[in-house]
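Below you'll find the structure, written out as structure tokens, and then a few comments.
Because the structure is predicted, anything quoted here is derived from the model rather than measured. Letters A, B, ... mirror the listed sequences (proteins, then strands); counts begin at 1.
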Amino acid sequence: MAGKVKWVTDIEKSVLINNFEKRGWIQVTENEDWNFYWMSVQTIRNVFSVETGYRLSDDQIVNHFPNHYELTRKDLMVKNIKRYRKELEKEGSPLAEKDENGKYLYLDFVPVTYMLPADYNLFVEEFRKSPSSTWIMKPCGKAQGKGIFLINKLSQIKKWSRDSKTSSFVTQSTKEAYVISLYINNPLLIGGRKFDLRLYVLVSTYRPLRCYMYKLGFCRFCTVKYTPSTSELDNMFVHLTNVAIQKHGEDYNHIHGGKWTVSNLRLYLESTRGKEVTGKLFDEIHWIIVQSLKAVAVSAWRGAELGWGLGRGSFGEVVGPASSWVLPRACQVNASPSLTSSTANDRILKYNLINDTLNIAVPNGEIPDCKWNKSPPKEVLGNYEILYDEELAQGDGADLRSRQGQSLGPKGGRSRDSGRTVLTTWK
Amino acid sequence: MLQEESDLSLIIAQIVQKLKGSNLYAQLERQAWACLQRPEIKLESLKEDIKEFFKISGWEKKLQNAVYSELSVFPLPSHPAAPPEHLKEPLVYMRKAQGSWEKRILKSLNSMCTELSIPLARKRPVGEQKELLNKWNEMGTDEPDLSLFRPVYAPKDFLEVLINLRNPNYENGDSLSFRTHLGLIQVPLKVKDIPELKEFFVELGLTTGQLGIDDSTQVPPELFENEHVRIGQKVLAEQDGAAAQQYIRQGSPTALRADLWALILNISSQPEDILYYEQLKTNVIQHDLLVDSLIYKDVKLTASNDDYYFVFEDYLYQVLLCFSRDTSVLGHFAYNSASPPKSYIRGKLGLEEYAVFYPPNGVIPFHGFSMYVAPLCFLYHEPSKLYQIFREMYVRFFFRLHSISSHPSGIVSLCLLFETLLQTYLPQLFYHLREIGAQPLRISFKWMVRAFSGYLATDQLLLLWDRILGYNSLEILAVLAAAVFAFRAVNLMEVTSLAAAEAVLADLSTLKVMPLLQIFLFATVT
């Protein structure tokens, strides 16, 4: 008889604990033998740091890849994607094809971004090219919209760097790196409001890459109408969609929390802009996710341990509406989904999300084994859908370029029969 | 035969009369004059040539659509000698009941006015006008204190009125027989039974392809969906309103819905329509009405809290505030049993020459009214287009859901149809619920009054409204309400209180409406 899974967590959230208990798993402390550890990112950093050098045994599993921050830190994400593009270009991959202006045809999905202070000179050069544009500053190591601000004058950057040097936390703030990205000032608005997408992607292995997309993602709306006017640059309720920010706005609604399901978005876009635009948008979103994961596949996974990662990607600014096409832009990836439930529906969503995740990560709720074949049968996927399975794609004698692979979503396969050529090449 | 002919000529006369005042008439006339310059128009065959020109240039199609649209809005003419109120409602007791219900509403509105000492209408000072104009696109951010306002009435108040409705010419008697109606509605009206419904909704049958069923992931699109989409595109290309209405009975593809509905409702969004909307907007900016606060309150209480519709809050104000100023809505009172409430200029109470309709469109919003607009926001992002579609939906359909009348799509008939279906086809369930004090209509009434808006998931709601437009009838609402009870019958048989029954039926957002309707109508043993 197989024993019961022994679990530990350092995140006391009921959506987690209820899910563990439902499976009849046994709670232990981190110093005892454990099979399953749901760790915070801080813990994982400590556990797998060079000094500690912890190695997972064959029957242990955790909820992050040790190097998950390659994608989740804003600066590293950009760095990795830039490196990945260069590599593909060197290989002469058709994916790295460029147009006459030197822009990548298929891989241009991150807004122009620089590291500060490291890339300051490059940034200034770029800024001078279009001095009227707005830029967004984000601290690399923070989340939930903390420390973010917008600028549209060079003097503001200078002031910022002066202030941070003279502040009393000198050591801390000089260490703190920022990314600065070109701010997208024509985002797609619905009901006059800006929104971003929160999509959940589960990566079960990086080598070969196998990832799943959760069907029940959602959009998060700002409570205040969007205005590109520079006079509102300081009003973060206009620009940032983070619940942590929006919650403090007086118009925050606690029943729906400003969240709209992705299926609502699909219905709205298809009704108002047609099937082709909508299908293309979602194709591109899936494309961006897979390419971003591929970009970090090398650095994210070197060890042989078992591990899996659940990430919540956030697609800021779906660009529109000036053109009839809607282009998604990747802005950031978070290591773990926020497990704080802001509304009743949110709570159900997150409970089910963890449930489905565990069904894939820990098949049948049995003690993990590193020899597991990690391709779960279709029945246990729940609300997950296979987004990309490298093994399957290659098994078919095909790689990325050959229109093979998994179709995703209801009618995933169908919607892209409509004669589009760009970016559909991977499916 | 003779009767039919004279009916037909009466209908024609009526429609001609109606169209003569329309914009289309003026356009046709202009076109006819302009085409005289064309070489192919000959004097000797003038009439035929102009007709031919209208056909080729597509104006004939526009005229056809207009005629067809009139036909589906206007009731068939009654006997020429019949007074106009028969067009509103032929049964005297219904008219009376509606009249006293209106008096109650108006009284409650007036007493709120007096209580809060707020005028029914006032002109805004210039500063305030400017301010409102500036925040036109974000009225939702305004948080005026509306705690003292309350909805004039809610669906359940209206249900009480319908329950007490009696036909004075009809003897119910005390003895129960198998014919006794055990439901809440006690007036005798002719409603369809299942065989008649099957015939009426024949396109919903098991052998006909349906969007909402045959487009699910398991069904390959080659079987039905692809072809259906192709036909839909053809219907749109032809701009044929009648074909669109027939087509939509099998459901509209999401991407074609906005255009198909506009075609069926004969909404073309001409520059003058946009101008008209802008005028209404100006009226809103200039004058403050008491009903504005009611609308505001209603949106805040309903759509703003709704998972599907909160995004569109500001659109709802832009539509509903303009709607309250739109006097063209008054036209529908010719065939609505309700009559627009009147108010008098200050100090001239009771003097007819100082009477004005209040609100200007004659419609007093009730709790949940904004939910008629909300689903349409998924289809139209242009406020003026959204507005026109909503107005047309209202004067064709939604008004029937809160007026007392004997019309087959009127709320009384829908209630009776719902109760009769349950009592006849699910007698055990009906009896059980009645015994525990959970009369089914007490639960389903609010669904029907709102045409299920806010209860179903939006994609399902739109599939349902497709059929309302396709059959030009609201009866589908009662059938769906009964089908929902049938679907939850097993759980409902176990409950022992109204609250428990309500809990079983609290969340309809996971239901798939087309399979439910199809099973109830066509696959249940009867």
Side-chain angles (χ1 to χ4, degrees), chain A residues 188-195 215 218-227 237-238 249-261 263-279 320-321 343-346 348-349 385 407 409-415 417-418, chain B residues 135-143 215-222 225-226 229 233 252-261 300-316 318 374-383 385-386 457-463 507 509:
Chain A
L188 173 67
L189 305 178
I190 296 181
R193 288 190 183 81
K194 199 180 139 166
F195 65 98
K215 276 187 266 186
F218 54 88
C219 312
R220 284 181 329 176
F221 279 83
C222 289
T223 49
V224 178
K225 286 265 173 163
Y226 180 74
T227 162
F237 296 118
V238 176
E250 41 186 297
D251 289 322
Y252 182 79
N253 182 306
H254 290 273
I255 298 174
H256 49 69
K259 290 175 182 175
W260 216 37
T261 63
S263 54
N264 274 331
L265 176 68
R266 221 181 227 284
L267 181 67
Y268 174 80
L269 286 177
E270 208 172 308
S271 302
T272 53
R273 286 166 191 254
K275 198 164 183 156
E276 198 188 343
V277 174
T278 312
T343 66
N345 277 342
D346 208 36
I348 299 168
L349 174 107
E385 294 170 300
S407 77
K411 339 219 143 184
R414 276 189 228 169
S415 61
D417 292 338
S418 39
Chain B
K135 63 171 192 213
W136 180 256
N137 288 319
E138 43 187 334
M139 285 184 273
T141 53
D142 217 17
E143 289 276 1
D215 52 337
S216 70
T217 12
Q218 294 84 20
V219 184
E222 300 78 39
E225 199 187 351
N226 289 349
V229 171
Q233 284 160 342
S252 171
T254 306
L256 308 183
R257 185 173 281 121
D259 290 338
L260 284 167
W261 286 19
K300 289 280 179 209
L301 286 176
T302 58
S304 297
N305 293 327
D306 189 288
D307 282 348
Y308 295 93
Y309 305 124
F310 72 90
V311 176
F312 302 115
E313 180 181 344
D314 294 320
Y315 281 1
L316 299 180
Q318 291 175 22
L376 300 173
C377 298
F378 268 85
L379 304 184
Y380 306 95
H381 54 98
E382 187 60 46
K385 182 94 181 251
L386 175 64
T458 310
D459 60 327
Q460 297 300 309
L461 184 86
L462 296 174
L463 288 167
D507 182 12
S509 67

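When heavy atoms are compared at a cutoff of 4.5 Å, B/Asp259 does not approach chain A at all. Neither the backbone nor the side chain of B/Leu256 comes within contact range of chain A; no heavy atoms are under 4.5 Å apart.
Remark: side-chain polar atoms of A/Arg193 are paired, donor with acceptor, to backbone N or O of B/Val311 under 3.5 angstrom. Between the side chain of B/Tyr315 and the backbone N or O of A/Gly191, no donor-acceptor pair lies under 3.5 Å.
Under the side-chain contact (heavy atoms from CB on, under 4.5 Å) criterion, A/Asn264 pairs with A/Trp260, A/Thr261, B/Tyr308, B/Phe378, B/Thr458, sequence neighbours left out.
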Legend entry - Working for side chain to side chain contact (heavy atoms under 4.5 Å, CB included), residues A/Leu349 and A/Phe218: CA-CA 10 Å; A/Leu349 174 107; A/Phe218 54 88; 3.9 Å; yes
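Taking chain A as the reference chain and counting heavy-atom pairs below 4.5 Å, the highest number among B/Ala457, B/Ser304, B/Cys377, B/Ala258 is found for B/Ser304. Between chain B and the options A/Ile190, A/Thr272, A/Leu267, the largest number of non-hydrogen pairs under 4.5 Å is found for A/Leu267.
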